[in-house]
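Shown next, in structure tokens, is the structure this report addresses.
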Amino acid sequence: MGKIICIGRNYADHAKELGNETPKEPVIFMKPDSAILQKGMPFFIPSFSQNIQYECELIVRINRLGKRIEPQFAHKYYKEIGLGIDFTARDVQTRLKEQRLPWEIAKGFDGSAVIGKWFNKKEFNLNDLAFTLHKNETLVQQGNTKDMIFNLDHLISHISQYFTLKIGDIIYTGTPAGVGKVEVNDVLTGHINNQLAFEIKCK
Ligand code: ZN
């Protein structure tokens, strides 16, 4: 399994809901590979936080080694896309941000990276691709790639200026508005273009 690179504030409506400015360049952070929620496992809400929130995001799997990739060639570095959840300990993150400390533990804890089913990108129009998250059958998040501040190719190009991208690396491309808290027994269901990508039970 490769590294997990996440983008923050890639949708203006979500940046606004957390009181953040719209960024001039992508905000990047990482999760360790131990953050990946193993297939078929429930998500166990960790006891160190009182406010674990879901962030449903389009994800991309890198299938070719690359560094300093030009945006016009970025499409050659991935074949599959999917949907995931970037679970966030919001209370921990807020506290660390206020103290101007790194917020790794709020984002990179065990199970915090949900990876759904992979789809061939050719199935979709990547410039106008809708995805949704339902919590207990209620629609809570609705996104579309056309509302991204930085598109997939721009993100791959930008990330690869700093980090060599390797086969198997996964990029979380940011979340739209509607993030919220999870409780024990919540069921989170993600769809891309009305196709089921994941169903996760919280424990
Ligand atoms: Zn996120």
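Order of appearance sets the numbers: ligands from 1, and atoms from 1 within every ligand. Scope of the values below: all heavy atoms of this structure, side chains included, with no hydrogens, waters or symmetry mates.
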Inset, instruction - Measure from NZ or CZ of K121 to the centre of the six-membered ring of Y78, then state whether that distance is under 6.0 Å and the direction lies within 45° of the axis. - result: yes
Legend entry - Near the Zn ion (ligand 1) (under 2.8 Å) - protein N, O or S atoms: E55 OE1, E57 OE2, D86 OD2
Inset, instruction - Only counting residues at least two apart or in another chain, list the ones meeting salt bridge (charged side-chain N to carboxylate O under 4.0 Å, His left out) with E57. - result: none
Inset, instruction - Determine whether the side chains of Q161 and R68 contain a donor N or O and an acceptor N or O closer than 3.5 Å. - result: no
Inset, instruction - Mind checking ring pair (Phe, Tyr, Trp, His ring centres under 6.0 Å) for H191 and listing every partner two or more places apart, or none if nothing turns up? - result: none
Legend entry - Ionic contact status for E55 with K107, cut-off 4.0 Å: yes
Inset, instruction - Kindly write out the residues that satisfy ring pair (Phe, Tyr, Trp, His ring centres under 6.0 Å) with F198, not counting sequence neighbours, or none if the list is empty. - result: none
